[in-house]
Amino acid sequence: MNNLRKFTAFIMSLCLAGSTLLFTGCDNEENSTASKNSSSSSSDKEDKNDKEDDEKDSSSEEDDEDKDKNNDDKEKDDEDKKKKDDNKKDNEDEDKKDSSSDVLFNFTNSNSWPEGDNTIYQLDGSITNKQADTISDWTITLNVSEDAVVKNSWGLSYEIDGSTMTITPDANTGNIISNGSVNLGIQIASSSPVDASSAVFSSNSVKSAVSNNSGNQNNNNNNNNTGSSVAASSPNAKEVPEPTTDDWLYVKKNKIVDSDGKEVWLTGCNWFGYNTGTNIFDGLWAADLNTSINAIADHGFNLLRIPISTELVNQWEDGDIPMANFNQATNSYLVGMNSLEIFDYVIGQCRANGIKIMIDFHCASTDASGHVYPMWYDSKISEDDYIRGLEWIAERYKNDDTIIAIDLENEPHGKHNESPRAKWDDSKDPDNWKYIAEKAGLAVLDKNPNLLIMVEGIEIYPKDIKSNGDFASTNEDDYFFNWWGGNLRGVADNPVDLGKYNDKLVYSPHDYGPTVYQQPWFKGDYDYDSLMEDCWYDNWFYIYDKKKAPLLIGEWGGFMKEPNITWMTYCRELIQNYKLHHTFWCFNANSGDTGGLVLDDFTTWDEEKYAFVKEVLWQDDNGKFVGLDHEIPLGENGITLSEYKD
């Protein structure tokens with residue numbers, strides 16, 4: 001994505017610490033109150049006993065004969081009272097154990113970016129129910145400025161009263177079954193920081209055997225799934241055919257073709273989540289997985305770019321497999337699967353729908369803001385970890401052409417005065433992306449020689465490679481700049497060399513509009529020709545024009561309004577004129593600076609945006625969407641590659 005927004009997100013992640021709170025019972029405030037009440041009761045009890053002792057001492061002075069009897073009676077009374085108190089305490093403890101086991105609430109500042117005089121803060125959260133009972137309701141209170149305005153939200157409802165925001169469940173997230181979890185998020189425009197650590201969480205729970213009122217009947221039915229209801233809850237699952245190996249694609253000059261030499265057009269979209277910590281696609285806190293995959297196919301997207309973190313792939317390989325976070329009522333058929341098993345399930349449903357997949361190694365560590373880090377490694381993930389992650393994916397799915405491509409690394413970047421930063425030259429330096437791309441690409445192809453290899457660009461490139469070819473200068477004026485991953489000027493001087501596998505090489509720039517960042521080429525009355533001259537041609541379009549290799553624009557997209565729509569219309573024109581391969585950013589509603597193809601519920605499509613993108617989806621003369629599978633048609637409105645006639 002963009003330079004400024006991602007840098008801002010990184011700074012805000014340092015300034016605004018997230019809040020991860022473990023709650024026992026309903027909330028900490030209630031527990032604190034209960035503790036104080038217990039102390040007060042103890043003090044009252046001591047005063048009462050003192051008073052009783054005084055009265056008994058007075059009585060003994062009047063009648064010494066009753067002293068022993070009174071003392072015996074007191075001891076008996078005290079013993080009986082102690083037994084009753086102990087029994088009462090045991091009962092109270094048992095009740096507390098039943099109704100208030102652990103509830104894990106996580107709420108963090110995950111992103112931020114400027115918008116006019118304000119900043120938009122994205123907060124992401126999850127609630128995990130570790131107790132035996134169902135959580136029937138929950139509330140989050142959050143401190144905000146009085147000028148705060150909600151721009152987008154998912155998995156929640158909200159109200160603002162002065163400087164307090166009250167967050168409550170939406171229709172899908174109110175009831176959380178035992179061992180279930182829900183995800184939520186909100187984007188708030190504000191003149192002052194919104195700090196997730198100010199959030200206060202509370203919840204109510206009900207016994208699993210107790211039914212809620214009739215007003216919640218639908219949620220109860222979904223949340224209390226039995227073996228018979230699991231099948232009924234996933235009617236959109238398609239029968240999965242066996243994997244095949246006859247749909248691999250190849251490069252022919254600046255085109256991509258099938259094994260018979262037929263030219264194809266990859267026209268897809270992005271759906272993120274496997275990079276963020278959700279460990280599954282984002283949005284499944286509200287939407288049904290099968291319905292969503294079917295809809296992507298039915299709307300004509302023949303390729304799905306799936307961002308993923310290297311850390312998650314390493315965990316899969318090492319057997320330390322994290323669970324996925326999703327709405328277990330809506331996606332009950334996924335309950336019991338870990339994140340890798342669900343990923344395999346996704347591949348099967350994509351295959352059944354005629355969708356091909358491109359795996360995008362989006363960031364080193366699992367983090368919603370992980371893409372802000374400029375390199376393919378970080379303090380947790382080494383270069384070796386990165387390479388073995390690529391190799392593992394390539395090896396695991398080498399006999400399944402549902403996955404046809406790997407994007408080696410999302411948006412390597414870094415400016416002239418930043419360290420570390422990605423460069424592009426003929427060295428074997430560990431920060432030379434061109435060298436690492438060759439090393440990584442060959443490692444992948446050694447495991448599966450059939451995959452397409454997508455290589456993105458960097459951010460800066462020297463204006464004079466004779467004097468600054470090693471990127472040693474820290475002078476801004478010595479460099480050309482572009483979007484992260486969008487600077488492929490180095491290909492002219494030092495192209496990626498995959499040897500005998502060069503027929504698998506595709507370059508993949510990213511391009512965005514002024515809503516993401518006001519680049520110099522957006523100033524004044526820009527148009528298609530000025531964009532070509534000032535940005536597109538020298539940064540990457542020359543690769544296609546000179547037939548060095550194909551191009552796939554891995555990310556482009558944004559809001560359907562100015563100042564973005566003018567650029568987006570010109571970018572679509574470029575794609576259409578040359579049938580450039582592309583994956584639109586993005587399916588997700590929770591992409592803060594672009595929006596998504598679906599609205600906040602992750603189910604309702606933004607029809608205006610879809611109609612815009614549909615113009616550059618591969619269709620035949622009859623308006624049928626063309627898939628990349630020779631045998632399986634693309635969704636309900638598409639055809640197979642074999643059926644397509646040039």
Side-chain angles (χ1 to χ4, degrees), residues 1-4 6-7 10 254 372-378 383 386 408-442 453-499 502 505-512 517-524 526 529-549 551 554:
M1 302 288 284
N2 74 303
N3 304 2
L4 180 60
K6 290 184 174 179
F7 179 72
F10 174 70
N254 61 358
V372 174
Y373 193 79
M375 313 298 276
W376 42 96
Y377 59 85
D378 61 15
E383 180 187 307
Y386 165 65
L408 293 180
E409 179 65 20
N410 179 71
E411 298 180 350
H413 63 276
K415 293 182 173 56
H416 57 286
N417 57 351
E418 296 175 343
S419 180
R421 57 92 182 91
K423 68 175 183 175
W424 190 299
D425 60 23
D426 61 354
S427 73
K428 293 186 178 181
D429 295 338
D431 60 353
N432 177 16
W433 172 235
K434 181 259 185 185
Y435 166 67
I436 297 298
E438 291 174 341
K439 185 177 179 180
L442 290 172
I453 300 297
M454 305 288 167
V455 178
E456 299 187 27
I458 54 176
E459 181 180 1
I460 62 173
Y461 194 73
K463 292 180 178 179
D464 186 349
I465 63 168
K466 291 183 179 179
S467 62
N468 190 34
D470 60 356
F471 288 65
S473 172
T474 57
N475 186 347
E476 179 179 349
D477 295 335
D478 290 339
Y479 295 92
F480 297 108
F481 289 77
N482 196 18
W483 300 105
W484 294 357
N487 195 327
L488 283 161
R489 292 172 183 262
V491 174
D493 302 310
N494 295 291
V496 170
D497 185 4
L498 297 179
N502 277 333
L505 175 62
V506 180
Y507 290 103
S508 184
H510 292 182
D511 200 60
Y512 281 102
Y517 183 71
Q518 188 70 34
Q519 298 279 17
W521 45 88
F522 295 132
K523 295 178 180 177
Y526 70 93
D529 292 333
S530 69
L531 289 171
M532 180 65 79
E533 181 178 352
D534 297 339
C535 178
W536 294 338
Y537 194 89
D538 289 338
N539 279 308
W540 43 265
F541 185 73
Y542 75 93
I543 296 172
Y544 175 90
D545 188 49
K546 295 182 178 181
K547 299 183 179 180
K548 292 177 177 289
L551 292 174

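All figures in this text were calculated on a predicted structure; none of them were measured in a lab.
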Kindly indicate whether the side chain of D464, heavy atoms from C-beta on, has any atom under 4.5 Å from the side chain of D478. no
Parallel, tilted or perpendicular: which describes the rings of F481 and Y479, with under 30° parallel and over 60° perpendicular? perpendicular
As an exercise, state the distance from CG of D378 to OH of Y373, rounded to the nearest 0.5 Å. 6.0 Å
Using only heavy-atom distances, determine whether the side chains of W424 and N494 contain a donor-acceptor pair under 3.5 Å. no
State which residues pass salt bridge (Lys or Arg N to Asp or Glu O under 4.0 Å) with E456; sequence neighbours excluded, sorted by chain then number. R305
Determine yes or no for a side-chain-to-main-chain donor-acceptor pair under 3.5 angstrom, with N468 supplying the side chain and A472 the backbone. yes
What residues, two or more places apart in sequence or in another chain, satisfy salt bridge (Lys or Arg N to Asp or Glu O under 4.0 Å) together with R421? D431
Tell me every residue that passes side chain to side chain contact (heavy atoms under 4.5 Å, CB included) with N254, counting only those two or more places apart in sequence or in another chain. Y544, K547
Residue that, paired with D429, satisfies salt bridge (Lys or Arg N to Asp or Glu O under 4.0 Å) out of K423, K439, K434: K423
May I ask you to check whether over 12 heavy atoms, not counting those of E533, lie within 6.0 Å of atom CD? no
N475 and S473: side chain donor to acceptor below 3.5 Å: no
In terms of relative ring orientation, are Y386 and W376 parallel, tilted or perpendicular, with 30° and 60° separating the classes? tilted
Under 3.5 Å, is there a donor-acceptor pair linking the side chains of D493 and Y461? yes
Between W521 and W483, what is the ring plane arrangement, given parallel below 30°, perpendicular above 60°, and tilted in between? perpendicular
Do Y542 and V491 come close enough that some side-chain heavy atom pair is under 4.5 Å? yes
Is a donor on one side and an acceptor on the other found under 3.5 Å between the side chain of N502 and the backbone of L498? yes
